[in-house]
There are 2 protein chains.
Amino acid sequence: MGVTLERDIRERFRRSGYTLTSQRKAVLEALGESRGHPSAEDVYLLVKKKNPRVALGTVYQALSVLEEIGVIGAKHWSESPTRYDLNVEPHLDIRCLGCGAVSEIPGVGLGDLEDRLRAATPYEVTHAAVVVEGLCPACRAAG
Amino acid sequence: MGVTLERDIRERFRRSGYTLTSQRKAVLEALGESRGHPSAEDVYLLVKKKNPRVALGTVYQALSVLEEIGVIGAKHWSESPTRYDLNVEPHLDIRCLGCGAVSEIPGVGLGDLEDRLRAATPYEVTHAAVVVEGLCPACRAAG
DNA sequence: CTCGCGAATAGGAACGATTACTGATCACCG
DNA sequence: CGGTGATCAGTAATCGTTCCTATTCGCGAG
Ligand SMILES: [Mn+2]
Ligand SMILES: [Mn+2]
Ligand SMILES: [Zn+2]
Ligand SMILES: [Zn+2]
């Protein structure tokens, strides 16, 4: 089972001072299982399959901790709860306005965008995200 | 007063079939007055100064219509209500994690990002937004 | 100028996502 | 084994936003 938990993740927990609890491991596992970009509720339902006693609030807290220590990412669209992602590299995620599915746009990075923005603003930039909206092929066909 | 309402905006209303009501004009005005990227609540408070009878729901409905016809834009961050913007060109907005202020990063466009993403996905792309988080100089100094 | 009608509004209730609270449990240290 | 602080389950509360309904508005037909 959870023997294979990346060294890097354990290290991040250790350094942050947070405990690597079974619930937090379960949330990570759920994010791995679900191919897409699940919401907190999605993660909650997955985690509950193996441990029916987990509380939704615990999932929110776990997601928050995991994001804080840089193990997962979160993005925000209109008309959708927050979506979470194991991919913490800068990348593009697109949400279908028809069916609501969120998926990744592979092969397209931010390029030099982050460098350019850091050079152009006096802010200390901590995070940059690109969110895209559109219609997936299926929904486009459906009309 | 509202004599100077861009031809383009009137035209968009006409084509969409929506009515250009006094409340919708007031919401546009409020967005013009407020330099930054106000929330619906911010807009509501501004509009109420001139017409205390407006309802918050009306402001939400107006913002929704204005976004739909392409006159304003909206972006979503964590820990903040939706922020609205008269700038509908693709551009970068940054939110300070300290004080919550949202401002624009001038001089940095998306470059060829939109072209590349359209080429790389089978989706029909309708909208792409970049949201950035960081610390403004004041908050960085404060600590 | 009235009347009629659909669109828009004010006001307030309802909703969904997220957070806050609280007593019980857990992980870890000595 | 106890003690101690972090975490958790369960639930209440909050917040942004949407929904609902009676009333008003804008406007064209007569
Ligand atoms: Mn992703
Ligand atoms: Mn902007
Ligand atoms: Zn779809
Ligand atoms: Zn600041």
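Order of the sequence lines fixes the chain letters, A, B, ..., with proteins taken first and strands second; residue numbering starts at 1 for each chain. Because the structure is a prediction, the values reported are computed rather than measured.
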**Request:** Mark yes or no for whether A/Trp77, through its side chain, and A/Val132, through its backbone, hold a donor-acceptor pair below 3.5 Å.
**Result:** yes
**Request:** Spell out protein contact along nucleotides 1-21 of chain D as letters: B when the base is contacted, S when just the sugar-phosphate is, - when no protein heavy atom is under 4.0 Å; keep the 5' to 3' order.
**Result:** -----SSSBB-----SBB---
**Item:** chain A footprint on DNA chain C, 5' to 3' - any atom under 4.0 Å from a heavy atom
**Value:** C/dA17 to C/dT19
**Item:** pair B/Thr126-A/Leu135: side-chain heavy atoms closer than 4.5 Å
**Value:** no
**Fill in**
Here the pair of heavy atoms bringing B/Tyr123 nearest to A/Ile94 is CD2-CD1, 3.4 Å
**Asked** Does any N or O in the side chain of B/Arg15 come within less than 3.5 Å of the main-chain N or O of B/Ile69, such that one atom is a donor and the other an acceptor?
**Response** no
**Asked** What is the distance from atom CD1 of A/Ile9 to atom CG of A/Leu20, rounded to the nearest 0.5 Å?
**Response** 8.5 Å
**Request:** Say whether, by atom type as modelled, one donor and one acceptor occur between the side chain of B/Ser16 and the main chain of B/Phe13 under 3.5 angstrom.
**Result:** yes
Would you tabulate the side-chain donor-acceptor contacts of residues 104-113 of chain B under 3.5 Å, counting partners in other chains and residues two or more places apart, or write 'none'?
{"unit_1": "B/Glu104", "atom_1": "OE1", "unit_2": "B/Asn87", "atom_2": "ND2", "d": "3.0"}
{"unit_1": "B/Glu104", "atom_1": "OE2", "unit_2": "B/His37", "atom_2": "NE2", "d": "2.9"}
{"unit_1": "B/Glu104", "atom_1": "OE2", "unit_2": "B/His91", "atom_2": "NE2", "d": "3.1"}
{"unit_1": "B/Asp112", "atom_1": "OD1", "unit_2": "B/Arg116", "atom_2": "NE", "d": "3.2"}

